[in-house]
Amino acid sequence: MLNITRRTLMKGLAATGLASAFGGKAAFAADEPLGITLVVPSPIGDVGWGHALAAGLEPIKAAYGDKVKVTILENIAEGPDADRIMTKTVADGNKFLIAGSFGYQNGALQIARRDPSVTVLHASGFQVAPNFSPFAAQYSQGTYLLGMAAAALSKTGKLGSVSAFAIPELITSINAFALGAQAVRPDIEVSVVWVNSWFDPAKEQEAAKALMAQNCDVIFSNAQDTPSVISACEEAGVYAFNLNSSMKKYAPKTYLGCVATDWSPFFKASVDAHLAGTFKGANAFLGVGDKVVEVVDWNPDIPADTMAKIKETEAKIAAGSFSPFTGPITKADGSEGVASGVTMTDPEVIAMNWHVKGVTTPLPQ
């Protein structure tokens, strides 16, 4: 695996000149390895979103060996730099691009439209093209279960979430967390601090402490690529959980669990289809039943009767017989969100831009 930072790549861009770098497609012989590039906005590290994406490529390397060449570009900020860098890597002959952040969508989509021979997977978003697939985890399935656990352990009835950006994927995660908690304790409340960053350890830790000052005694680290929230909670004796990859080593006592993601089944199937010439862009919204989402590292403090209910609910989610977003669900403003007996469709969940009753922090305007 080759890891390249933004600084290294931008030096290359400066040396070659953008015009020549983007002026044409590189020609490769048929026996050349498939170039796969993963672009992420934060360091890969040993935990978090980028780490989970990189881990998802390992089975592909194991399966294909020298028939694939994997490059990882880390610390690539969303915006014009990312667009230039992604264009450069495709111009260099890499035909499989994984754009690993919500803010890469427009640039990555333009790349797919310009070159039909390239396959692009884009994290989150909503755009689809014949060679462009957005992909997202149904984190809500896991955060609902951890909400049940949080309610059983909370003494104050106040839960918190340190959240990266107010995008639908993270809004739904908070909503399901609240709904799962309310299934155990109807009066539970959830406060949110939006840090507007995927990677800002100091701000994340400050946000966690602010929530604890509001008597939140279980905190959800919602899409942080650092263990700052988890570590701060361990130090304060407050339960905490996160998304994507386990951070238990940073909180051996108060770690509630992890909504872990394994992207390898989706990545492998997509590479297989690209090589076979059968790839078709589609919106991939993957969860427990797809073996992409799994809650791991359950804290032994969770009461046995609650854990039994959690496992029962988890089995129903995996079988497709239960959804966290089945009504009646009331919005935070008191209006009807989902009617009784109605289940939100995947497109409705993917586009969710409102909070459920019990989430007390208004969404940013």
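Quick note: numbers below take in every heavy atom, side chains included, and nothing from hydrogens, waters or symmetry partners. Small disclaimer: the values here were computed from a predicted structure and weren't measured.
- A search for side-chain hydrogen bond (donor to acceptor under 3.5 Å, both in side chains) contacts involving Lys268 returns Asp272, not counting sequence neighbours.
- The side-chain hydrogen bond (donor to acceptor under 3.5 Å, both in side chains) search around Thr254 returns Glu234, not counting sequence neighbours.
- Among residues two or more places apart in sequence or in another chain, the side-chain hydrogen bond (donor to acceptor under 3.5 Å, both in side chains) test is passed with Thr156 by Asp217.
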In a table with atom names and distances, give each donor-acceptor pair under 3.5 Å that connects a side chain of residues 205-213 to protein atoms at least two apart or in another chain.
none

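- Take Phe325 and apply the ring pair (Phe, Tyr, Trp, His ring centres under 6.0 Å) test, not counting sequence neighbours, and it matches no residue.
- Lys95 pairs with exactly one of Leu275, Asp115, Ile36 by the side chain to side chain contact (heavy atoms under 4.5 Å, CB included) rule, that one being Asp115.
- Every residue two or more places apart in sequence or in another chain was checked for a side-chain contact (heavy atoms from CB on, under 4.5 Å) with Ala304, and none qualifies.
- Side-chain heavy-atom separations under 4.5 angstrom define the hydrophobic clusters, and Phe199 shares its cluster with no other residue.
- For the side-chain contact (heavy atoms from CB on, under 4.5 Å) test, residues two or more places apart in sequence or in another chain that qualify with His51 are Ser245.
- The shortest distance between side-chain heavy atoms of Val218 and Val238 does not fall below 4.5 Å.
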Side-chain donor-acceptor pairs of residues 352-359 under 3.5 Å, sequence neighbours excluded:
unit_1: His355; atom_1: ND1; unit_2: Asn175; atom_2: OD1; d: 2.9

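- Nearest heavy atoms, Val40 versus Gly50: CG1-CA, 4.2 Å.
- Scored by the side-chain hydrogen bond (donor to acceptor under 3.5 Å, both in side chains) test, Ser197 finds no partners at all (sequence neighbours excluded).
- Inter-residue side-chain proximity for Ser221 and Leu243 is flagged as unmet; no heavy-atom pair is nearer than 4.5 Å.
- Listed by first and then second residue, the salt bridge (Lys or Arg N to Asp or Glu O under 4.0 Å) pairs that reach into residues 175-203 are Lys158-Glu189, Arg185-Asp187, sequence neighbours excluded.
- Here Tyr255 sits in one hydrophobic cluster together with Val47, Ile230, Met247, Tyr250; the rule is ILVMFWY side chains under 4.5 Å apart, joined directly or through other members.
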